[in-house]
Amino acid sequence: MSFNCIILDIQDQIATISFNRPKALNALSNELFDELDQAVGQIRNNKEIKVLILTGAGDKAFVAGADISELAAMDALKSKFFSKKGQDVMGQLETLPIPVIAAVNGYALGGGLEAAMVCDFIYASEKAVFGLPEITLGLIPGFGGTQRLARLVGNNMAKELIFTGKSLTAAEALEVGIVNKVCPPESLMDEVMSTAVKIARMGRVALRAAKETVHYGSQVDLETGCKIENDNFGLCMASPDAKEGTSAFLEKRKPEFKGELF
Ligand code: DAK
């Protein structure tokens, strides 16, 4: 299926979605959200895919936020539906049962940073710029940015960034814990792909269990989180992948995970 605002590429168990609205620095429009929803649905239903990468087409932007010209023209009803659609798609991305990596190649502002933060982790180009500038538009972040940024960098740092709307360089974003790794622009996708390939060799059941355990465990108290871990550990042990992984170790060979149960 071809899209107008995104590019979906699937190769060797790794899917890549590139935001692709070069004239608007890949800003998130209504049409883009519709397409993203379809693409994420396709990925969710494709049992071959083990990792998703999100990036921006071109060399200037990951996503420069929600489309301000569309936002400015919205009445209350349209903005309610836009908001719901955006929140639903972000939720779909966050709860995909496979790891999702953001490859931030340029501006990740407003809704762009919010989209990056629903990914499991972020690698950035040295040229990337991060920020939640909604306050400069008389708004606050509306796709979970207040919550996810505070969880990533702590309340006080999040408040300063949200109150001032100021941007961070990639190096600063690394320092405060928004990104895991900063790479020269020309090697960003190679670095992301190399990590994606490494992850794609792991068992699907354990990857899903690990993602869900960290995600849901981080929203509850430690004891409940450990209970979730305990249940998911048991689930993994019951999977053919765990039999294969432990047998392969004992037989001194590489495991061949099949990812049954899905
Ligand atoms: N929307 C629409 N067009 C955009 C855009 C955006 N967010 N960002 C850039 N563009 C367009 C520019 O208008 C320009 O178009 P032309 O003038 O060429 O037609 C083109 O992209 C190139 O941009 P610039 O000429 O400005 O490029 P520069 O290199 O000079 O500057 C920049 C790059 C990223 C610093 C600058 O473009 C910029 O400040 N952009 C806006 C960043 C921003 O404020 N983003 C929006 C954050 S607010 C909601 C939930 C969430 C949200 C909204 C609602 N609900 C729950 C309802 C989210 C809100 C946000 O994301």
Side-chain angles (χ1 to χ4, degrees), residues 3-7 17-37 40 54-95 102-119 122 124-153 157-173 178-179 182 185 188:
F3 299 103
N4 290 325
C5 307
I6 59 171
I7 301 164
I17 293 177
S18 306
F19 298 107
N20 185 34
R21 298 185 67 227
K23 289 188 181 144
L25 300 186
N26 303 333
L28 303 170
S29 62
N30 221 358
E31 186 185 11
L32 185 147
F33 275 137
D34 282 337
E35 294 185 357
L36 190 56
D37 186 37
V40 172
L54 275 195
T55 192
D59 59 3
K60 199 165 168 187
F62 176 72
V63 169
D67 189 306
I68 299 173
S69 49
E70 270 192 10
L71 268 187
M74 275 179 205
D75 58 21
L77 197 61
K78 281 196 178 130
S79 98
K80 180 177 160 58
F81 288 131
F82 175 74
S83 155
K84 178 78 173 75
K85 190 183 291 183
Q87 286 174 352
D88 285 353
V89 179
M90 298 281 186
Q92 289 291 327
L93 270 172
E94 189 165 44
T95 57
V104 174
N105 53 313
Y107 291 108
L109 300 176
L113 176 52
E114 292 177 299
M117 288 192 296
V118 300
C119 298
I122 304 173
S125 144
E126 286 162 352
K127 284 174 28 187
V129 176
F130 297 84
L132 292 177
E134 286 85 347
I135 202 93
T136 66
L137 301 170
L139 300 168
I140 65 167
F143 294 137
T146 55
Q147 304 308 301
R148 293 195 181 90
L149 187 64
R151 283 166 169 76
L152 265 183
V153 304
M157 179 60 71
K159 283 182 193 162
E160 183 182 343
L161 294 173
I162 293 166
F163 295 170
T164 61
K166 77 175 181 185
S167 296
L168 298 180
T169 63
E172 290 167 335
I178 295 175
V179 309
V182 176
L188 173 66

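Counting starts at 1 for both ligands and their atoms, following the listed order. For the numbers below, each heavy atom of this structure counts, side chains included, while hydrogens, waters and symmetry mates do not. Residue numbers run from 1 in the order of the sequence given.
Less than 4.0 angstrom separates atom 53 (C) of ligand 1 from at least one non-hydrogen atom of the protein. At least one protein heavy atom sits closer than 4.0 Å to atom 21 (O) of ligand 1. Distance check on atom 27 (O) of ligand 1: some protein heavy atom falls below the 4.0 Å cut-off. For atom 13 (O) of ligand 1, the nearest protein heavy atom lies 4.0 Å or farther away. There is a protein heavy atom less than 4.0 angstrom from atom 59 (C) of ligand 1. Distance screen at 4.0 Å: atom 42 (C) of ligand 1 has a protein heavy-atom neighbour inside the cut-off. Within a 4.0 Å radius of atom 16 (P) of ligand 1, the protein has no heavy atom. Within the 4.0 angstrom cut-off, atom 45 (N) of ligand 1 has one or more protein heavy-atom neighbours.
Looking at Lys60 against ligand 1, only its side chain comes within 4.0 Å, counting heavy atoms. Contacts between Leu132 and ligand 1 below 4.0 angstrom, taking non-hydrogen atoms only, are absent altogether. The backbone and the side chain of Ala66 each have at least one atom closer than 4.0 Å to an atom of ligand 1 (non-hydrogen atoms only). Under 4.0 Å from ligand 1, the heavy atoms of Leu137 that appear belong solely to its side chain.
Residue-ligand proximity, Gly110 to ligand 1, at heavy-atom distances under 4.0 Å covers atoms 47 (C), 61 (O). Close approach of ligand 1 to Ala64 (heavy-atom distance below 4.0 Å) involves ligand atoms 6 (C), 7 (N), 8 (N), 42 (C), 43 (C), 45 (N), 46 (C). The ligand atoms of ligand 1 that sit less than 4.0 angstrom from a heavy atom of Ser83 are 55 (N), 56 (C), 57 (C). Counting atoms of ligand 1 from 1 in the listed order, those under 4.0 Å from a heavy atom of Gly111 are 60 (C), 61 (O). Atoms of ligand 1 found under 4.0 Å from any heavy atom of Leu109, numbered from 1 in the order shown, are 34 (C), 42 (C). Near Pro133, with a cut-off below 4.0 Å to any heavy atom, the atoms of ligand 1 are 43 (C), 44 (O), 47 (C).
Within the 3.5 Å criterion, the main-chain N or O of Leu139 finds no donor-acceptor partner in the side chain of Glu134. With hydrogens and angles ignored, the 3.5 Å screen pairs no side-chain donor or acceptor of Gln147 with any backbone N or O of Gly144. The backbone N or O of Cys5 sits nowhere less than 3.5 Å from a side-chain atom of Arg21 that would complete a donor-acceptor pair. In this structure, Glu35 contributes its side chain and Phe3 its backbone to no donor-acceptor pair below 3.5 Å. Side-chain N or O atoms of Ser125 include one that pairs as donor or acceptor with a backbone N or O of Lys127 at under 3.5 Å.
In Asp59, the CG atom is not crowded: 12 or fewer heavy atoms of neighbouring residues, nucleotides or ligands sit closer than 6.0 Å.
Closest approach of Leu168 to Glu172, counting heavy atoms only: CA-OE1, 3.3 Å. Considering all non-hydrogen atoms of both residues, Ala102 and Phe62 come closest at CB-CZ, 4.4 Å. Here the shortest heavy-atom pairing between Arg148 and Phe143 reads NH1-O, 3.3 Å. The two residues Val182 and Ala170 have their closest heavy-atom pair at CG2-O, 3.6 Å.
Judged as a side chain to side chain donor-acceptor pair (under 3.5 Å), the pairs with a partner in residues 22-31 (not counting sequence neighbours) are, in order, Asn4-Glu31, Asn30-Lys85.
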Task: side chain to side chain contact (heavy atoms under 4.5 Å, CB included) assessment of Met117 paired with Met90 - done: CA-CA 9 Å; Met117 288 192 296; Met90 298 281 186; over 6 Å; no
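Between Gly65 and ligand 1, a contact under 3.5 Å exists for no N or O pair. Polar contact check, Ile68 against ligand 1: a nitrogen or oxygen pair lies under 3.5 Å apart. For ligand 1, the polar-atom distance check against Lys23 finds a nitrogen or oxygen pair separated by under 3.5 Å.
Looking at atom 5 (C) of ligand 1, its nearest protein heavy atom turns out to be Ala24 O, 3.9 Å.
Here the CG-CG distance, from Leu149 to Leu113, works out to 6.0 Å after rounding to the nearest 0.5 Å.
In this comparison of Phe143, Tyr107, Phe81, the heavy atom closest to atom 34 (C) of ligand 1 sits on Tyr107.
The one candidate from Asn105, Thr55, Leu54 that meets the side-chain contact (heavy atoms from CB on, under 4.5 Å) condition with Phe19 is Leu54.
For Gly86, the closest heavy-atom approach to ligand 1 does not fall below 4.0 Å.
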